[in-house]
Amino acid sequence: MKRRLLLVSNSTLHGGGYLDHCQQHISSFFGKNVKRVLFVPYALHDRDGYTKTARDKFKSLGYEVDGIHEVADPVEAVRKAEGIFIGGGNTFRLLKSLYDNNVVTEIRKRVMEDGVPYMGSSAGTNVATISISTTNDMPIVFPPTFSAIGLIPFNINPHYLDSDPNSRHMG
């Protein structure tokens, strides 16, 4: 397997900006060979706004971002992707949209067989696993199955309840 994964728990750490806490990891992960990253904003309702946020951050790191929802053929966009980033939000909404757009199998193939780097944040980390059964999210929609992309052979819950009520860790 050629898979390359960067799985982060959240997009924003208390006191910081979007992806600030892991921007050095993002730069070293995608490296200099990746010029464009395919962003999957399906976990949030405002896909355009979410894509703008990701686009602005990645541009500051030297990468162009294409929003998967902005293209006519999402499967073809995955086939052409140099790197993939699936953002956070509601895991149920995300997985349903991945299935509705027929990209689950194609993302798995590109990452597992072609070595395309995959970054997930929060819900994007959840769907990289074998199922979304460990998500803390409310089931606001129902995907056809809880089976996820399967890039790793176990589940992750990227959020936990911190026992320290004064903590600002935010998962």
Side-chain angles (χ1 to χ4, degrees), residues 4-78 80-101 103-104 106-107 110-111 116-129 132 135-141 143 148-149 151 156-160 162 167-171:
R4 293 186 51 233
L5 309 174
L6 176 60
L7 304 176
V8 298
S9 65
N10 55 13
S11 299
T12 307
L13 217 53
H14 180 74
Y18 182 75
L19 298 175
D20 284 352
H21 65 291
C22 59
Q23 66 185 12
Q24 285 91 4
H25 295 289
I26 294 168
S27 293
S28 62
F29 176 71
F30 285 115
K32 298 198 184 313
N33 292 333
V34 172
K35 305 290 185 222
R36 303 189 78 84
V37 175
L38 180 65
F39 179 59
V40 181
Y42 292 157
L44 289 186
H45 178 70
D46 182 4
R47 294 174 177 178
D48 291 332
Y50 196 14
T51 300
K52 181 185 181 330
T53 299
R55 188 172 276 139
D56 291 347
K57 179 53 152 185
F58 274 73
K59 187 169 190 71
S60 76
L61 300 175
Y63 303 99
E64 297 297 321
V65 165
D66 300 308
I68 195 169
H69 71 293
E70 299 169 332
V71 300
D73 186 348
V75 174
E76 187 62 24
V78 172
K80 292 179 177 178
E82 297 175 22
I84 299 169
F85 171 36
I86 299 185
N90 185 280
T91 305
F92 291 92
R93 175 188 281 143
L94 171 57
L95 189 60
K96 182 178 185 322
S97 295
L98 291 170
Y99 277 109
D100 287 351
N101 289 284
V103 294
V104 171
E106 195 62 33
I107 291 171
R110 293 301 321 281
V111 174
V116 169
Y118 175 99
M119 177 181 169
S121 175
S122 188
T125 292
N126 273 334
V127 298
T129 68
I132 64 166
T135 185
N136 296 345
D137 294 331
M138 295 298 292
I140 60 173
V141 296
I149 301 172
L151 303 178
I156 293 176
N157 182 334
H159 304 295
Y160 63 90
D162 200 321
S167 174
R168 301 279 188 206
H169 186 268
M170 297 175 61

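Everything numeric in this text was worked out from a predicted model, so none of it was measured. Atom set for the values below is all heavy atoms of this structure, side chains included, hydrogens, waters and symmetry mates excluded.
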**OP:** Work out which heavy atom in Gly67 is nearest to a heavy atom in Thr51; give both atom names and the distance.
**Re:** CA-CG2, 4.0 Å
Original post:
Which one of Phe30, Phe85, Phe39 satisfies the side-chain contact (heavy atoms from CB on, under 4.5 Å) criterion with Tyr63?
Top reply: Phe30
Original post:
With the threshold set at 4.0 Å, does a side-chain nitrogen-carboxylate oxygen contact exist between Lys52 and Asp56?
Top reply: yes
**OP:** Return yes if some donor-acceptor pair links the side-chain N/O of Arg47 with the main-chain N/O of His69 below 3.5 Å, else return no.
**Re:** no
Subject >> Distance (rounded to the nearest 0.5 Å) between Ile156 CD1 and Ser122 OG >> reply: 11.5 Å
Subject >> Minimum-distance pair of heavy atoms, taken over all atoms of Tyr118 and Gly124 >> reply: OH-O, 2.6 Å
Original post:
Taking C-beta and beyond as the side chain, do Glu82 and Asn33 meet within less than 4.5 Å on heavy atoms?
Top reply: no
Original post:
Under 4.5 Å between any side-chain heavy atoms of Asp20 and Lys57, yes or no?
Top reply: yes
Subject >> Short side-chain to backbone donor-acceptor contact, Asn90 and Asp137, under 3.5 Å >> reply: no
Original post:
Counting N and O atoms only, with roles assigned by atom type, does the side chain of Thr129 sit under 3.5 Å from a partner on the main chain of Asn126, one being a donor and the other an acceptor?
Top reply: yes
Subject >> Leu5 and Leu7, any side-chain heavy atoms less than 4.5 Å apart >> reply: yes
Original post:
Tell me, do Met119 and Leu19 make a side-chain contact under 4.5 Å, heavy atoms counted?
Top reply: yes
Subject >> Donor-acceptor under 3.5 Å (Arg110 side chain, Val78 main chain) >> reply: yes
Original post:
Between Ile132 and Ala148, what is the shortest heavy-atom contact and its length?
Top reply: CG2-CB, 4.3 Å
**OP:** Nearest 0.5 Å please: distance from the OG1 atom of Thr91 over to the CG atom of Asn157.
**Re:** 9.0 Å
Original post:
Hey, are the side chains of Phe58 and Ile26 touching, using non-hydrogen atoms and a 4.5 Å cut-off?
Top reply: yes
Original post:
Short question: side chain of Arg93, backbone of Val141 - any donor-acceptor pair under 3.5 Å?
Top reply: no
Subject >> pair Asp66-Val71: side-chain heavy atoms closer than 4.5 Å >> reply: no
Original post:
Do Thr53 side-chain atoms and Gly49 backbone N/O form a donor-acceptor pair below 3.5 Å?
Top reply: yes
**OP:** For Ala81 and Val116, work out which heavy atoms get closest and say how close.
**Re:** O-CG2, 3.8 Å
**OP:** To the nearest 0.5 Å, tell me how far Ser121 OG sits from Tyr18 OH.
**Re:** 6.0 Å
Subject >> Shortest non-hydrogen contact from Leu61 toward Ser27 >> reply: CD2-OG, 3.8 Å
**OP:** Output, in order, the C-alpha distance, side-chain angles, deciding distance and verdict of side chain to side chain contact (heavy atoms under 4.5 Å, CB included) for Ile149 and Ile86.
**Re:** CA-CA 11 Å; Ile149 301 172; Ile86 299 185; 4.1 Å; yes
Subject >> Test side chain to side chain contact (heavy atoms under 4.5 Å, CB included) applied to Tyr42 and Ile68, step by step >> reply: CA-CA 9 Å; Tyr42 292 157; Ile68 195 169; 3.5 Å; yes
Original post:
Looking only at atom types and distance, does a side-chain atom of Arg55 sit under 3.5 Å from a main-chain N or O of Val65, one as donor and one as acceptor?
Top reply: yes
Original post:
Are side-chain N/O atoms of His21 and Asn10 paired as donor and acceptor at under 3.5 Å?
Top reply: yes
Original post:
Can you list the steps and then say if Asn101 with Val75 is a side chain to side chain contact (heavy atoms under 4.5 Å, CB included)?
Top reply: CA-CA 7 Å; Asn101 289 284; Val75 174; over 6 Å; no
**OP:** Calculate, to the nearest 0.5 Å, the distance between atoms NZ and CD1 belonging to Lys96 and Ile140 respectively.
**Re:** 10.5 Å
Subject >> Nearest non-hydrogen partners of Ala123 and Gly89, listed with the distance >> reply: CB-O, 3.6 Å
Original post:
Where the side chain of Thr125 meets the backbone of Val8, is there a donor-acceptor pair that is under 3.5 Å apart?
Top reply: yes
